[in-house]
Participant: 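A single structure is presented below for examination.
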Amino acid sequence: MPASSARYALPAVSETRREELERALLEHRTGFEQRFGSGAGVRLWFSPGRVNLMGAHLDYNGGPVMPTAIDRGTFFALRPRSDHRVRFASTLEPGEFEAALADLPGQPARRWWDYPVGVLRELLAGTELPDVAGFDLLFGGNLPVGAGLSSSASICVGTALAISDTWELGLERLALVQAALAAERGYVGVQCGIMDPYSVGLARSGTLLWLDCKDRSSAWMPLDDRSYAIAVADTLVRRELAQGAFNERVRQCAQAFAELAPHQPGATCLRDIELATLEAQRAQLDPLLASRAEHVVREVGRTFAARDALERGDLPCFGEQMTRAHASLREHFEVSVPELDTLVDSATACAGVLGSRLTGAGFGGCVVVLLRRGAEDELRERLERDFLARFGRAPVVEFFGGDEGPREIRP
Ligand code: GLA
């Protein structure tokens, strides 16, 4: 397991949040009984979403990232059946999935249940099933979908845990992460990086996860959440074409690496390319690829600088790296939109704010803001006022706590 830093006592999820979550899950159980009928034996799980503070678009380039899990996520209510069938339903999406365990679809249906079906297929491979393995499972939760807060990793890692607990597989967190990753890449067919399932699966409250995506080494870095808060402001912009544009960035980075690699001995991914190498080759490179590579190469430097800043308790310097990252995402990586830029500009003009940038892939979704405690009200007012003046509607501004990761909840 990853190394931990034991320098500080880590604050636990607050009592109020814990009670809110338990209440929400009790309601979810009622929803389950309305959908699948009443009766004993229903168990409940929660799995968080995540927000990434540093290392934008680095995971698929082998670079380091610094995400944290948040106290919003996916709810699961599961009851075993007396046969070998499974049924999935959701309080958030229409449609129901039903199949025999021995006859799961080999191809995704392009529906929301592809994610849990993919996980189920992963766990079934090489598992000796208990005599009665079927179950009904209701999904729900309080994480905005498509906002860049990783609802898909939340659902995949949480499904893996709920099934592991139900079938008594005893899977470790890293095994849950691997099942989630294999399901998304292999079955759903999204060429996602490793950051999302790792940040959900290895979550610890009161910390940022340091994850080096080249060798998958990781560490938990304490963030003093009594002095600092994390805000997330949602533009509510959702781009239909975002997946295509994301895949295009992945391709462009791979191409930039293919052209630069011969000039950087030993390089195995774009993260290994040095700025001097990029500068020396710039004239021969397509300007668009050079721009994408510049974002990646400099973002690696910024992310190491942010880690050093956090280690010495210099949060203003950490925040500065975030805001610089946003400028680069806008200019060099071209994944921002005017709504995100407006939120970052108003946030960074607010006293008490240390830094702000878009989070997730971009093309809409959310910005993340690091601020000093006490500045919350002013930040909210400012973000709402400036956004309303420009776009005629308000963004959704929220202050998330950290989270300790996927777990069974027994209210
Ligand atoms: C999306 C992907 C992540 C990561 C981010 C960009 O959220 O799911 O794996 O690549 O974009 O940092």
Side-chain angles (χ1 to χ4, degrees), residues 48-70 73 114-115 118 143-157 177-178 180-186 188-203 208-214 216 218 232 234-235 237-239 241-254 256-257 269-271 292-293 295-300 302-303 306 321-322 324-326 328-330 332-337 340 356-368:
R50 67 100 186 90
V51 56
N52 186 30
L53 275 80
M54 279 306 298
H57 288 270
L58 290 194
D59 59 350
Y60 57 85
N61 288 305
V65 294
M66 297 183 82
T68 184
I70 53 176
D114 289 345
Y115 294 90
L143 190 65
V145 173
L149 301 175
S150 200
S151 48
S152 57
S154 171
I155 199 173
C156 286
V157 180
V177 168
Q178 268 139 16
L181 202 53
E184 275 206 69
R185 285 183 173 171
V188 183
V190 183
Q191 284 320 303
C192 57
I194 69 168
M195 171 172 73
D196 299 347
Y198 271 84
S199 30
V200 171
L202 301 187
L208 298 184
L209 179 72
W210 168 268
L211 174 66
D212 190 319
C213 300
K214 189 173 169 187
R216 301 196 178 190
S218 63
V232 172
D234 190 346
T235 60
V237 174
R238 303 286 186 270
R239 290 280 151 90
L241 298 175
Q243 190 61 51
F246 176 81
N247 291 342
E248 183 187 57
R249 295 302 181 283
V250 175
R251 273 197 309 276
Q252 289 166 341
C253 288
F257 174 65
C269 51
L270 193 51
R271 170 257 181 89
R292 304 297 187 247
H295 166 74
V296 170
V297 169
R298 289 190 189 272
E299 181 75 353
V300 170
R302 281 188 292 267
T303 306
Q321 308 308 317
M322 292 172 67
R324 283 193 196 149
H326 185 78
S328 171
L329 288 163
R330 187 183 61 223
H332 298 305
F333 219 64
E334 297 180 279
V335 291
S336 192
V337 293
L340 290 165
S356 175
R357 45 154 282 195
L358 70 82
T359 188
F363 318 106
C366 298
V367 302
V368 55

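Sequence positions, counted from 1, serve as the residue numbers for this chain. Order of listing sets the numbers, starting from 1, for every ligand and every atom in it.
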Participant: Quick check on contacts: which atoms of ligand 1 are under 4.0 angstrom from a heavy atom of Phe246?
Facilitator: 1 (C), 2 (C), 10 (O), 11 (O)
Participant: Under a 4.0 Å N-O cut-off, is there an ion pair linking Arg302 with Glu299?
Facilitator: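 Looking at Glu299 together with Arg302, the answer is yes, because their closest N to O distance falls below 4.0 Å.
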Participant: What is the nearest protein non-hydrogen atom to atom 12 (O) of ligand 1, stated with its residue, atom name and distance?
Facilitator: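 For atom 12 (O) of ligand 1, the nearest protein heavy atom comes out as His57 N, 2.8 Å.
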Participant: Which residue supplies the protein heavy atom nearest to atom 7 (O) of ligand 1, what is that atom called, and how far is it?
Facilitator: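 Nearest protein contact, heavy atoms only, for atom 7 (O) of ligand 1 is Arg50 NH2, 3.1 Å.
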Participant: Are Arg271 and Asp212 close enough for a salt bridge, meaning some N to O gap below 4.0 Å?
Facilitator: yes
Participant: Give the residue and atom name of whichever protein heavy atom lies nearest to atom 8 (O) of ligand 1, and the separation in Å to one decimal.
Facilitator: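 Answer, as residue, atom name and distance: Asp196 OD2, 2.7 Å.
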Participant: State, yes or no, whether a side-chain contact exists between His295 and Arg292 at a heavy-atom distance under 4.5 Å.
Facilitator: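 Result no, sub-4.5 Å side-chain heavy-atom pair not found.
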Participant: Looking at every non-hydrogen atom in both residues, tell me the closest pair between Val65 and Asp59 and how far apart they are.
Facilitator: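 Here Val65 and Asp59 meet closest at CG1-N, 4.1 Å.
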Participant: Are any of the N or O atoms of Asp59 closer than 3.5 Å to those of ligand 1?
Facilitator: yes
Participant: Using a strict cut-off of 4.0 Å, indicate which atoms of ligand 1 neighbour a heavy atom of Ala56.
Facilitator: 12 (O)
Participant: Short list, please: which atoms of ligand 1 are under 4.0 Å from a heavy atom of Tyr60?
Facilitator: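 Near Tyr60, the atoms of ligand 1 are 10 (O).
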Participant: Which residue, Val296, Val335, Leu270, forms the side chain to side chain contact (heavy atoms under 4.5 Å, CB included) with His57?
Facilitator: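 For His57, the side chain to side chain contact (heavy atoms under 4.5 Å, CB included) test succeeds with only one of Val296, Val335, Leu270, which is Val335.
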Participant: Enumerate the atoms of ligand 1 whose separation from the nearest heavy atom of Ala361 is less than 4.0 angstrom.
Facilitator: 1 (C), 7 (O), 11 (O)
Participant: How close do Cys192 and Leu181 get, heavy atom to heavy atom, and via which atoms?
Facilitator: SG-CD1, 4.2 Å
